[in-house]
Amino acid sequence: VVRPFNEVPGLWKNGWANLYNFWKLDGFRNLHRLTLQNFNTFGPIYREKIGSYESVNIINPEDAAILFKAEGHYPKRLKVEPWTSYRDYRNRKYGVLLKNGEDWRSNRVILNKEVISLKMLENFVPLLDEVGQDFVARVHKKIKRTGQNKWTTDLSQELFKYALESVSSVLYGERLGLMLDYIDPEAQHFIDCITLMFKTTSPMLYIPPALLKQTGSKVWRHHVEAWDGIFNHADRCIQNIYKKLHQDAGTPKKYPGVLASLLMLDKLSIEDIKASVTELMAGGVDTTSITLLWTLYELARHPNLQEELRAEVAAARAESQGDLLEMLKRIPLVKGALKETLRLHPVAVNLQRYIAEDIIIQNYHIPAGTLVQLGLYAMGRHPKVFFRPEQYQPSRWLRTETHYFRSLGFGFGPRQCLGRRIAEAEMQLFLIHILENFRVEKQQHVEVKSTFELILVPDKPIILTLKPV
Ligand code: HEM
Ligand code: 2DC
């Protein structure tokens, strides 16, 4: 017999007391570990209330399947209030990230064709490959300058620039020039603003921003400054393309980028286009760069695996005879490595939906409208879901063991990550170029863990050494 919602285990009766405890445990930075602990305490389903943020949390792939079957026609995630508040405050439109209902769907359908359809990969890959080549050239130059035939560094800043250059080249069809020695201080400021925006979001997740605004809090002020920086720079990039499009009318010969395509298509209002392109630009920096940094870290810790990947890439290069799209079809282990990175170091600690209909999970009745969260970080490390979860093993994704609702790093269904194809191609091409050119080594034995800053980021700098192969 099905048990009622009120019997779901967990701490959900006193949200404000829970918020206080959460704060004492430094929960703002440990959300992923606290979630793991909660699953250990309460089992595969628990109910939670922190401040005014109420949720049901699940961990099993089979339960994830039930959740996503109940997401309805207009899948809705947790509303990240600091983000919507900023837009309301500055009178800016929501893009696809923050829209809901029919407004979201109609925008998303049009954006899907230009951003996530497989057809567009043909256009994106040559642009992204060029950025990858420039990254490699830049590293070779750095290595020369050290005079030691190697370069030891914290690559995160370089990867931020690589990611911004990549996503910009796809969005605008032209290069920003971030792989050069001199970089535009405005672009650097944009990068810093994104990091600050994420960092200032997490402390406000559980406290209504209206409250923070009233108290004139420092976090809210910094959050506003960060988004201002993001929007100002994106506005300039967008204006620049908009003007050019008017100057040289007529149909362009080569692919003009996502923004120009959307403008020419003329199906979304300019304000809607601007809002979503800004989100794509901002969403495309820390996500892929940090995933790549974790991947390099894992490759440095597993030299044999690194050689295996290098061999796969070499074979794929030879067999595809210059056809990059063909080459990307021949690197299953590289793709497995990226899945493995997202399993152990997911960008998003959880996926969540307000369910559209009643469901039964773990024999508990959960009413429509409830916020249900799948603990992605917890699932990736659960021994009942993944055999020897602590081991970084890209080959597990090639084997026949079930992958059913286990590879969810980009979310699921019509509301999944809009930047997924860009992110995947960008990361695969990066790894191809790195593996063809450098051996990646780590310095000493340092164990790096994750910190929650809305997305999961390394808790200390990752120092790596690159040597020409
Ligand atoms: C949404 C992960 C890169 C733009 C999401 C979601 C996840 C995610 C988990 C929520 C999906 C859901 O609720 O089902 C990632 C990961 C990335 C990545 C792991 C890289 C490793 C990117 C990039 C862009 C981007 C490069 C932009 C080019 C977006 C946008 C949404 C989104 C706009 C909101 C889509 C909507 O609400 O309709 N991403 N992302 N992401 N991501 Fe990404
Ligand atoms: C963070 O409890 C933890 O892709 C919260 O590219 C629930 C939550 C809600 C929304 C998630 C967020 C978490 C993590 C970061 C995500 C975000 C939705 C989109 C965003 C997953 C899991 C991200 C990084 C986007 C960011 C786009 C940019 C314009 C801000």
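Hydrogens, waters and symmetry mates play no part in the numbers below; they use all other heavy atoms, side chains included. Remember, it's 1-based here, ligands and their atoms both numbered in the order they're listed.
By the criterion of a heavy-atom distance under 4.0 Å, both the backbone and the side chain of Thr287 are placed next to ligand 1. Under 4.0 Å from ligand 1, the heavy atoms of Arg108 that appear belong solely to its side chain. At a heavy-atom cutoff of 4.0 Å, ligand 1 is contacted by no atom of Glu279, backbone or side chain. Within the 4.0 Å heavy-atom criterion, the part of Leu351 lying near ligand 1 is the side chain and not the backbone.
Ring orientation note: the planes of Trp227 and His223 are nearly perpendicular, at an angle over 60° on the 30°/60° scale.
Ligand 2 places these atoms under 4.0 Å from at least one heavy atom of Val349: 3 (C). Within ligand 2, counting atoms from 1 as listed, the ones closer than 4.0 Å to a heavy atom of Leu78 are 7 (C). Under a 4.0 Å criterion applied to the non-hydrogen atoms of Thr287, ligand 2 contributes the atoms 6 (O), 24 (C). Applying the 4.0 Å criterion to heavy atoms of Ile455 picks out, from ligand 2, the atoms 15 (C), 24 (C).
Among protein heavy atoms, the minimum distance from atom 37 (O) of ligand 1 is reached at Arg77 NH2, 2.5 Å. Of all protein heavy atoms, the one lying nearest to atom 26 (C) of ligand 1 is Gly284 CA, 3.5 Å.
The shortest separation from a heavy atom of Met197 to ligand 2 is under 4.0 Å, placing the residue in contact.
The closest heavy-atom contact to atom 41 (N) of ligand 1, among the options Ser289, Cys417, Pro346, Ala163, comes from Cys417.
A cation-pi arrangement, defined by a distance under 6.0 Å to the six-membered ring centre and an angle within 45 degrees of its axis, is present between Arg343 and Phe386. Cation-pi geometry between Lys99 and Tyr94 is not met: the NZ or CZ atom fails to fall both under 6.0 Å from the ring centre and inside 45° of the normal.
In terms of polar-atom proximity, Tyr53 is counted as a contact of ligand 2, with an N or O under 3.5 Å from an N or O of the ligand.
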